[in-house]
Amino acid sequence: MTAENKSAAEQATTESKTTEKKSFLEEVFPNVESPEDEKPKKAPNNSSRLISTTLLVIMTICSVTALGLSIYNYLNPRSNTITLPGSGVDGNTATFVEGSISEVAAAVSPAVVSITTKTRTLGFFGQSQTSSAAGTGMIVSADGYIITNKHVIDGASNIEVIRDNGTTYDDINLVGTDPTNDVAYLKINNVSDLPTVTLGDSKTITVGQQVLTIGNALGVFQNTVADGIISGVGRSLTATDESYMNSETLSDMIQTTAAINAGNSGGPLINAAGQVIGINTATSSTGSNLGFAIPISAVKGMLNNIMKNNKAERAFLGASYISITSDAVKEYDLPVSAGAYIYAGNNSSAVVKDSPAAKASLKDKDIITKINGYEVGKAGTVSSLIGEYTVGDTVQLTILRDGKEQTLTATLAAYPTSRNNN
């Protein structure tokens with residue numbers, strides 16, 4: 001090849017490489033022009049410019065939002081955890097979602113305590129014996145008030161309270177017990193800033209609603225968590241202790257499939273919003289997945305009276321009644337399928353003399369259908385509904401008398417401990 005031909009070939013090769021370079025750049029970066037490109041530039045397309053500008057704005061907004069969320073989460077590390085509503089919010093419509101069971105349990109557990117007791121008894125030969133037992137309770141005020149079952153502390157000569165972090169308290173007072181329910185109120189002395197549970201509304205619970213239990217299972221496994229549903233409401237049963245020597249009739253109980261074992265007594269039944277709707281009390285020795293809890297609304301009045309007035313008094317209406325069921329409708333030929341039939345039988349009056357019920361002009365064979373607008377039977381028994389109020393509160397009783405609806409007003413008095421009615 002001559003020098004002239006060689007020069008021409010090299011020039012062709014150089015042009016070919018330049019073309020390949022342009023093609024590669026144009027393919028990878030179609031909007032980037034080669035500095036060697038001398039072609040006339042096209043005027044930019046207005047629609048393409050608008051789309052590009054819009055995409056740029058959207059990307060900028062997303063970036064700023066992501067940065068803001070990152071900063072917020074860094075400064076607020078608990079911002080992604082469940083927020084428990086206050087006691088004024090009805091959480092019974094809430095449902096558990098993925099991860100929320102553990103979040104609710106973690107939020108409530110610090111206020112759930114183990115209660116251990118020692119009881120002194122006399123042996124067969126007169127010697128002194130000491131027995132130990134364990135149950136559960138829940139802290140309801142930052143200064144140390146606790147709700148538990150009466151049978152957990154019954155006869156105890158010594159009571160200890162143990163928090164989930166291991167802190168133990170032995171300076172405990174028994175403040176009082178409910179004369180109509182298996183409920184006791186304790187006080188840890190000289191404490192402050194304790195974690196507390198949030199009390200919900202048991203009047204609006206529904207069958208099938210999801211719930212949790214937390215308790216000192218078997219007296220060994222502190223703050224054991226179990227989930228289930230409410231499988232029934234308004235249950236009545238006779239409960240006995242482990243020795244079968246003591247028994248108690250319980251009414252208006254919440255039935256649940258969430259596990260309640262020995263040691264869980266006095267612990268909370270919790271809805272999906274983290275609110276306490278019941279006090280775990282009994283389990284069936286013969287049935288499967290049958291546990292029972294006292295409605296929390298039934299203890300609110302006495303609890304408020306204790307914390308505000310330092311008096312262990314329960315509100316009292318003063319009338320015996322029969323909860324209306326299908327059997328009661330047939331037996332007494334009643335015109336309604338729910339409510340409370342004021343009746344005592346044995347030719348005695350069901351209305352206690354000089355009681356709030358008597359002063360409100362309630363009469364035998366009246367039917368109470370509502371208390372302050374809540375339906376008796378659906379929202380709870382008369383006893384449970386009255387239990388939400390304190391001594392001195394005024395309630396409206398909606399009644400049926402001779403087939404006609406009337407409204408009576410009753411001012412509640414303190415419960416006389418010798419009475420067994422409401």
Side-chain angles (χ1 to χ4, degrees), residues 82-85 87 89-109 111-112 135-136 138 147 149 181-183 197-218 221 223-237 239 250-300 323 325-326 338 374-375 377-381 384-385 388:
I82 189 168
T83 301
L84 299 181
S87 58
V89 178
D90 187 358
N92 290 323
T93 58
T95 57
F96 290 113
V97 296
E98 185 177 356
S100 66
I101 288 180
S102 61
E103 291 179 348
V104 169
V108 178
S109 284
V112 179
T136 306
M138 52 188 127
I147 295 177
N149 281 146
N181 260 326
D182 185 14
V183 179
V197 296
T198 299
L199 302 185
D201 187 356
S202 55
K203 300 189 302 300
T204 59
I205 60 175
T206 56
V207 174
Q209 177 182 330
Q210 297 171 301
V211 289
L212 292 181
T213 61
I214 302 179
N216 185 12
L218 305 179
F221 306 109
N223 282 12
T224 296
V225 178
D227 69 318
I229 62 168
I230 292 176
S231 54
V233 295
R235 303 304 197 215
S236 296
L237 63 145
L250 304 172
S251 62
D252 200 26
M253 301 290 284
I254 303 169
Q255 180 182 303
T256 178
T257 62
I260 299 176
N261 296 290
N264 282 72
S265 292
L269 182 69
I270 308 160
N271 64 21
Q275 301 170 334
V276 177
I277 55 174
I279 306 169
N280 301 326
T281 300
T283 186
S284 173
S285 59
T286 56
S288 178
N289 292 330
L290 289 179
F292 300 92
I294 297 169
I296 197 64
S297 295
V299 306
K300 285 183 178 180
S323 293
T325 62
S326 57
Y374 288 100
E375 296 182 26
K378 181 178 180 180
T381 64
S384 292
L385 294 175
E388 191 164 13

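Numbers here are sequence positions counted from 1.
- No side-chain heavy atom of I270 sits under 4.5 Å from any side-chain heavy atom of I277.
- Considering every non-hydrogen atom in both P295 and S202, the closest pair reads CB-OG, 3.4 Å.
- The two residues G200 and I296 have their closest heavy-atom pair at O-CG2, 3.6 Å.
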Quiz item: Is there a side-chain hydrogen bond (donor to acceptor under 3.5 Å, both in side chains) between D182 and T281 once you walk through the steps?
Solution: CA-CA 8 Å; D182 185 14; T281 300; 5.0 Å; no
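- Proximity of L290 to Q255: side-chain heavy atoms (C-beta onward) are separated by under 4.5 Å at one or more points.
- How far OG of S251 is from CZ of R235: 13.5 Å, rounded to the nearest 0.5 Å.
- The closest side-chain donor-acceptor pair between T136 and N216, if any, does not fall under 3.5 angstrom.
- With no hydrogens or angles considered, no side-chain donor-acceptor pair links N280 and T213 at under 3.5 Å.
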Exercise. Please test T198 against V276 for side-chain contact (heavy atoms from CB on, under 4.5 Å), starting from the C-alpha separation and ending with a verdict.
Key: CA-CA 6 Å; T198 299; V276 177; over 6 Å; no
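- Here the straight-line distance linking atom OG1 of T206 with atom CG of N271 works out to 10.0 Å at 0.5 Å rounding.
- Between G380 and L385, the shortest heavy-atom contact is O-CD1, 3.7 Å.
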Exercise. Begin with the C-alpha distance, continue with both residues' side-chain angles, and end with the deciding distance and a verdict on side-chain contact (heavy atoms from CB on, under 4.5 Å) for M138 and V108.
Key: CA-CA 9 Å; M138 52 188 127; V108 178; over 6 Å; no
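- No donor-acceptor pair under 3.5 Å is formed between the side chain of S100 and the backbone N or O of E103.
- Put simply, OG1 on T204 and NZ on K378 are 10.5 Å apart, with the number rounded to the nearest 0.5 Å.
- At least one side-chain heavy atom of K300 sits less than 4.5 Å from a side-chain heavy atom of L199.
- Side chains of Q209 and N92: a donor-acceptor N/O pair is present below 3.5 angstrom, by distance only.
- Side-chain polar atoms of Q210 and T95 form no donor-acceptor pair below 3.5 angstrom.
- In terms of heavy atoms, N261 sits closest to A217 at ND2-CB, 4.4 Å.
- Side-chain contact check for I230 versus I254: some heavy-atom pair is nearer than 4.5 Å.
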Quiz prompt | Full working for side-chain contact (heavy atoms from CB on, under 4.5 Å) between I229 and T256 | solution = CA-CA 6 Å; I229 62 168; T256 178; over 6 Å; no
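- Between the side chain of N223 and the main chain of S109, a donor-acceptor pair closer than 3.5 Å is present.
- Here CG of L250 is found 7.0 Å from CG of N181. Values are rounded to the nearest 0.5 Å.
- For the residue pair V225 and A105, the shortest heavy atom distance occurs at CG2-CB, 3.9 Å.
- Note that OG1 of T283 is 9.0 Å distant from CG of N264, once rounded to the nearest 0.5 Å.
- In this structure, CZ in F96 is found 10.0 Å from OG in S102, a value given to the nearest 0.5 Å.
- When all heavy atoms are compared, the tightest approach of V207 to G232 is CG2-CA, 4.1 Å.
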